[in-house]
Amino acid sequence: MDEHSETVRASRRVQFSEVFHPIPVGNRAQRYVQVIEQIESAIRRGLLVPGDTLPTESQFCEGFGVARSTLRRAMDDLEERGIVARTQGSGTRIARALAIEYRPETSNTIFQAIARSHRQPRTVVTEFEPVITDDAIAVMTGFAVGTPLLRIIRERYANDTPIAGLETYLLPEALCFTREDLETKSLDAILHENGWTMDRVEYDIRARGLEPALTEFMQVDAGTPVLQEFRRGFHGTRLFSSGCNTYHPTNHRLHGVVDRGATTSFAE
């Protein structure tokens, strides 16, 4: 494992004081929203994992200092989004991890986003071979027809959850790694460490139907609406990396913030 990996612990019954804290009286946000935020924050930080059984309704109400109606509204929201599952007689458990939040307008990578979510970035490299740019590759990548390239196709997971299918085309002179390196490391980080900095990145995001080749990996039907991101990376003014990322329709989300002084933003 590399520096971004984690040890996945077994699920357990969670005590309120281990993870949560009472909702401050002076906080003006709606109280059910604050309940949701505490639970989602605990999942992002790895304090809650799929399979964990949450405190009982009575323990939650007493601990947070909220009414049962407030707690039930929060749990209804989380259940509707598939984050928790409630079973009569067994309680409420964490059903799945939150979607990976990725901001394409930054220099952050999907690999880094997964690591920050306290999950292990894992990659399966399905193709790693030289190609000559044809008309179809030229249209997608921006490289001239006839340009020799290295084609790399990867499946990116957070632990065992499928996140994105990555198809990258790279100039051969930028090859400073092995196929095995990509199983545990970020391609962008490897390139940067070896002097191939991405001084400029162009990206275009489009809605598409999922291609049949990715259905087994993503575990969803062909034609399911997904987002595809086409990225071109420049070292100085030279195009050296280009490709297409296909994002899982529920395990991944694009995330952005509009802030004062910012000139561009991308919202979820």
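Starting from 1, each residue takes its place in the sequence as its number.
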[X] and [Y]: which non-hydrogen atoms are nearest, and at how many Å?
{"X": "K185", "Y": "F111", "answer": "C-CE1, 3.6 Å"}
{"X": "P249", "Y": "P225", "answer": "CB-O, 3.6 Å"}
{"X": "A74", "Y": "V35", "answer": "CB-CG1, 3.7 Å"}
{"X": "A95", "Y": "G82", "answer": "CB-O, 3.4 Å"}
{"X": "P212", "Y": "T215", "answer": "O-OG1, 2.9 Å"}
{"X": "M198", "Y": "G233", "answer": "SD-CA, 3.8 Å"}

Test item: [X] side-chain N/O and [Y] main-chain N/O as donor-acceptor pair under 3.5 Å:
{"X": "Q112", "Y": "T109", "value": "yes"}
{"X": "N159", "Y": "T161", "value": "no"}
{"X": "T224", "Y": "D221", "value": "yes"}
{"X": "H235", "Y": "W196", "value": "no"}
{"X": "S242", "Y": "R232", "value": "no"}
{"X": "E80", "Y": "D77", "value": "no"}
{"X": "T133", "Y": "T147", "value": "yes"}

State, without any angle test, whether [X] and [Y] hold a side-chain donor-acceptor pair at a distance under 3.5 Å.
{"X": "D199", "Y": "T197", "value": "yes"}
{"X": "N245", "Y": "Q228", "value": "no"}
{"X": "Y32", "Y": "Q34", "value": "no"}
{"X": "T123", "Y": "E183", "value": "no"}

Taking everything shown except [X] itself, do over 12 heavy atoms lie less than 6.0 Å from its [atom1]?
{"X": "E180", "atom1": "CD", "value": "yes"}
{"X": "E202", "atom1": "CD", "value": "yes"}
{"X": "E129", "atom1": "CD", "value": "yes"}

Step by step, work out the side chain to side chain contact (heavy atoms under 4.5 Å, CB included) result for Y157 and Q120. CA-CA 8 Å; Y157 297 82; Q120 179 181 339; over 6 Å; no
Test side chain to side chain donor-acceptor pair (under 3.5 Å) applied to S58 and R68, step by step: CA-CA 8 Å; S58 296; R68 289 182 182 270; 2.9 Å; yes
Under 4.5 Å between side-chain heavy atoms, counting indirect links through other Ile/Leu/Val/Met/Phe/Trp/Tyr residues: same cluster for [X] and [Y] or not?
{"X": "I110", "Y": "Y203", "value": "yes"}
{"X": "I152", "Y": "F217", "value": "no"}
{"X": "V145", "Y": "L239", "value": "no"}
{"X": "V33", "Y": "L78", "value": "yes"}
{"X": "L214", "Y": "L227", "value": "no"}

Establish, yes or no, whether the cationic atom of R31 lies under 6.0 Å from the six-membered ring centre of F64 and within 45° of the ring axis. no
Atom pair [atom1] ([X]) and [atom2] ([Y]), whose distance is rounded to the nearest 0.5 Å:
{"X": "L48", "Y": "R12", "atom1": "CG", "atom2": "CZ", "result": "7.0 Å"}
{"X": "M218", "Y": "Y247", "atom1": "CE", "atom2": "OH", "result": "10.0 Å"}
{"X": "T126", "Y": "E155", "atom1": "OG1", "atom2": "CD", "result": "5.5 Å"}
{"X": "I43", "Y": "D52", "atom1": "CD1", "atom2": "CG", "result": "9.0 Å"}
{"X": "Q30", "Y": "T70", "atom1": "CD", "atom2": "OG1", "result": "9.5 Å"}
{"X": "L149", "Y": "T168", "atom1": "CG", "atom2": "OG1", "result": "11.5 Å"}

Given E79, which of R73, R93, R96, R86 fulfils the salt bridge (Lys or Arg N to Asp or Glu O under 4.0 Å) condition? R86
Show the numbers, then the answer: is there a salt bridge (Lys or Arg N to Asp or Glu O under 4.0 Å) between R72 and E57? CA-CA 8 Å; R72 289 172 182 172; E57 186 176 87; 2.8 Å; yes
With side chain to side chain contact (heavy atoms under 4.5 Å, CB included) as the test, would you mind laying out the steps for R156 and I114 before giving the verdict? CA-CA 10 Å; R156 177 63 49 75; I114 294 171; 3.7 Å; yes
Determine whether V124 and R122 satisfy the following criterion, side chain to side chain contact (heavy atoms under 4.5 Å, CB included), listing intermediate values before the conclusion. CA-CA 7 Å; V124 175; R122 185 170 68 84; 3.8 Å; yes
Taking the side chain as C-beta and beyond, is there a heavy-atom pair between [X] and [Y] under 4.5 Å?
{"X": "F128", "Y": "L175", "result": "yes"}
{"X": "L150", "Y": "P172", "result": "no"}
{"X": "F16", "Y": "E62", "result": "no"}
{"X": "I36", "Y": "R81", "result": "yes"}
{"X": "H248", "Y": "I163", "result": "no"}
{"X": "F230", "Y": "I205", "result": "no"}
{"X": "M75", "Y": "L54", "result": "yes"}

Ring centroids only, cut at 6.0 angstrom: are F234 and F240 within range, meaning strictly under it? no
Just to verify, which of V49, L47, T53, V19 counts as forming a side-chain contact (heavy atoms from CB on, under 4.5 Å) with V14?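 The passing option is V19.
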Under the side-chain contact (heavy atoms from CB on, under 4.5 Å) test against C176, which residue among L191, D181, L170 passes? L191
Determine whether R231 and D204 satisfy the following criterion, salt bridge (Lys or Arg N to Asp or Glu O under 4.0 Å), listing intermediate values before the conclusion. CA-CA 7 Å; R231 292 178 74 87; D204 179 32; over 6 Å; no
Picking from R151, R154, R179, what satisfies side-chain hydrogen bond (donor to acceptor under 3.5 Å, both in side chains) with E127? R151
